[in-house]
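What follows is a single structure, written as structure tokens, with notes after it.
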Amino acid sequence: MGYEDTNNQTDALTRDDVSIDEPKLYKVLLHNDNYTTMDFVVQVLETIFYKTPAEATQIMLSVHHNGVGVCGVYPYDIAESKVEQVHELARRHQFPLKSSMEEV
């Protein structure tokens, strides 16, 4: 007494049956201020965003000259965590460095 498939169809899903939405991405930004040192901004970029010294310097100069610089693009949870890490590190070093995220 087993199960009989009278229609000869399978219940397996194919790739065409499943749609997977890509997660929304967010740019993490650093904002210029008149107090945070350039060296500290480079340190933040190297330690939190894993940028090379050359990449960190380039982004820091963008922040300095343009008022804002893009640190990276991440899914929401990671971007939010990076923003929080920047603010925590800045607080510990008594700098007013601000970071934000913006949907791509």
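- Here Met60 contributes atom CE and Asn32 contributes atom CG; the two are 10.5 Å apart, rounded to the nearest 0.5 Å.
- Partners of Gln58 according to the side-chain contact (heavy atoms from CB on, under 4.5 Å) rule, which considers only residues two or more places apart in sequence or in another chain, do not exist here.
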Original post:
So Val70 and Val28, side-chain contact (heavy atoms from CB on, under 4.5 Å) or not? Walk me through it.
Top reply: CA-CA 6 Å; Val70 178; Val28 176; over 6 Å; no
Original post:
After noting the C-alpha distance and the side-chain angles of His31 and Ser100, does the key distance pass the side-chain contact (heavy atoms from CB on, under 4.5 Å) rule?
Top reply: CA-CA 8 Å; His31 302 272; Ser100 66; 2.7 Å; yes
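- With rounding to the nearest 0.5 angstrom, the CG atom of Leu25 is 14.0 Å from the OH atom of Tyr76.
- Sorted by first then second residue, the side-chain hydrogen bond (donor to acceptor under 3.5 Å, both in side chains) pairs that include residues 38-48, not counting sequence neighbours, number zero.
- Heavy atoms of other residues, nucleotides or ligands lying less than 6.0 angstrom from CD of Gln94 number 12 at most.
- Between Thr36 atom OG1 and His64 atom NE2 the span is 12.5 Å, to the nearest 0.5 Å.
- Taking Ser99 as the reference, nothing meets the side chain to side chain donor-acceptor pair (under 3.5 Å) condition, with sequence neighbours excluded.
- Residues Val44 and Leu89 share a closest heavy-atom pair of CG2-CD2, 3.9 Å.
- Annotation: side chain of Met101 is in contact with side chain of Glu80 (closest heavy-atom distance under 4.5 Å).
- Cluster annotation: Val63 and Leu61 are assigned to the same hydrophobic cluster (Ile/Leu/Val/Met/Phe/Trp/Tyr, side-chain heavy-atom contacts under 4.5 Å, transitive).
- Here the straight-line distance linking atom OG of Ser81 with atom CD of Glu88 works out to 11.5 Å at 0.5 Å rounding.
- Linking Ile, Leu, Val, Met, Phe, Trp and Tyr whenever their side-chain heavy atoms come within less than 4.5 Å leaves Ile59 and Val104 in two separate clusters.
- Residues Val73 and Tyr26 have side chains not in contact (no heavy-atom distance under 4.5 Å, counting atoms from C-beta outward).
- Between Leu97 and Asp33, the shortest heavy-atom distance links the atoms CA-OD2, 3.5 Å.
- A side-chain donor from one of Thr52 and Glu55 sits under 3.5 Å from a side-chain acceptor of the other.
- Atom NE2 of residue His87 and atom CD1 of residue Ile48 lie 9.5 Å apart, to the nearest 0.5 angstrom.
- Val41 places a side-chain heavy atom less than 4.5 Å from the side chain of Leu30.
- Across all non-hydrogen atoms, the minimal contact from Gly69 to Ser62 is CA-OG, 4.0 Å.
- Using a 4.5 Å cut-off between side-chain heavy atoms of Ile, Leu, Val, Met, Phe, Trp and Tyr, with links allowed through other members, Leu29 and Leu45 fall into different hydrophobic clusters.
- Both Met38 and Val86 are part of a single hydrophobic cluster, where members link through side-chain heavy atoms under 4.5 Å apart.
- Using the six-membered ring where Trp is involved, Tyr74 and Phe49 have ring planes that are tilted, between 30° and 60° apart.
- For the pair Thr57 (side chain) and Pro53 (backbone), a donor-acceptor distance under 3.5 Å is present.
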